[in-house]
Structure formats: structure tokens, C-alpha cells
Q: 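My questions all concern the structure below.
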Amino acid sequence: MAVRARYRCRACLLVVTTDDAIATWSAQPIDLGPPDWMLRPYVLGPSAVPVVTEPADAG
């Protein structure tokens, strides 16, 4: 939350991982306390990134 206070803007949690199990685990909402105070992380895991095998595709 320090970033949110420092820049006075909305903030989110982005998890970047190369492991599908960690991506699945980290995508679970985090209960922060009072009703409906849930943090829902954005997750970028290996299943969300296509494998690039051709140099032309990478360009």
C-alpha cells in the first residue's frame, strides 16, 4: 500500500511466475478482514504466455 500512498493512485498486485502450480495458488483471493475486503491478484503464468518458436513471430 505504500506505492498507492506515494503516487496517490490505484494499485494492484501482479504475480509473474514460470510455474503453473504457483500461478494457480497465487490467483486465489486474499481475505483482508472485514466482509468483502478481498485482494484479487492478477497472475501471469506460463499458461498465459504463448511459446514463440519462430523468430518472425517474436518480431
Q: Could you pull out the closest heavy-atom pair between P41 and S26, with the gap in Å?
A: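 Here P41 and S26 meet closest at CG-O, 3.3 Å.
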Q: For the atom pair CH2 (W37) and CG (D31), what is the distance rounded to the nearest 0.5 Å?
A: 11.0 Å
Q: Can you list everything that forms a side chain to side chain contact (heavy atoms under 4.5 Å, CB included) with D19? Sequence neighbours excluded, please.
A: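 If we apply the side chain to side chain contact (heavy atoms under 4.5 Å, CB included) test to D19, skipping adjacent residues, the hits are T17, A21, I22.
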Q: After noting the C-alpha distance and the side-chain angles of M38 and L32, does the key distance pass the side chain to side chain contact (heavy atoms under 4.5 Å, CB included) rule?
A: CA-CA 6 Å; M38 300 293 281; L32 296 177; over 6 Å; no
Q: Looking only at non-hydrogen atoms, find the nearest pair between S47 and D20 and report the distance.
A: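 The answer is OG-OD1, 2.7 Å.
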Q: Determine, using the 4.5 Å side-chain heavy-atom cutoff (strictly less than), whether V16 and L13 are members of one ILVMFWY cluster.
A: no
Q: Is L39 linked to W25 within one hydrophobic cluster, defined over Ile, Leu, Val, Met, Phe, Trp and Tyr using a side-chain heavy-atom separation of less than 4.5 Å?
A: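 No: no chain of side-chain contacts under 4.5 Å links L39 to W25.
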Q: Applying a strict under-4.5 Å side-chain criterion to I, L, V, M, F, W and Y, I'd like to know whether I30 and V15 cluster together.
A: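 The answer is yes; both residues are in one hydrophobic cluster.
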Q: Taking atom CG of D36 as the centre, does the number of heavy atoms from other residues, nucleotides or ligands within less than 6.0 Å exceed 12?
A: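 Result for CG/D36: open.
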Q: With sequence neighbours left out, write down each residue that passes side chain to side chain contact (heavy atoms under 4.5 Å, CB included) with P35, or none if nothing qualifies.
A: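 Side chain to side chain contact (heavy atoms under 4.5 Å, CB included) list for P35, sorted by chain: empty.
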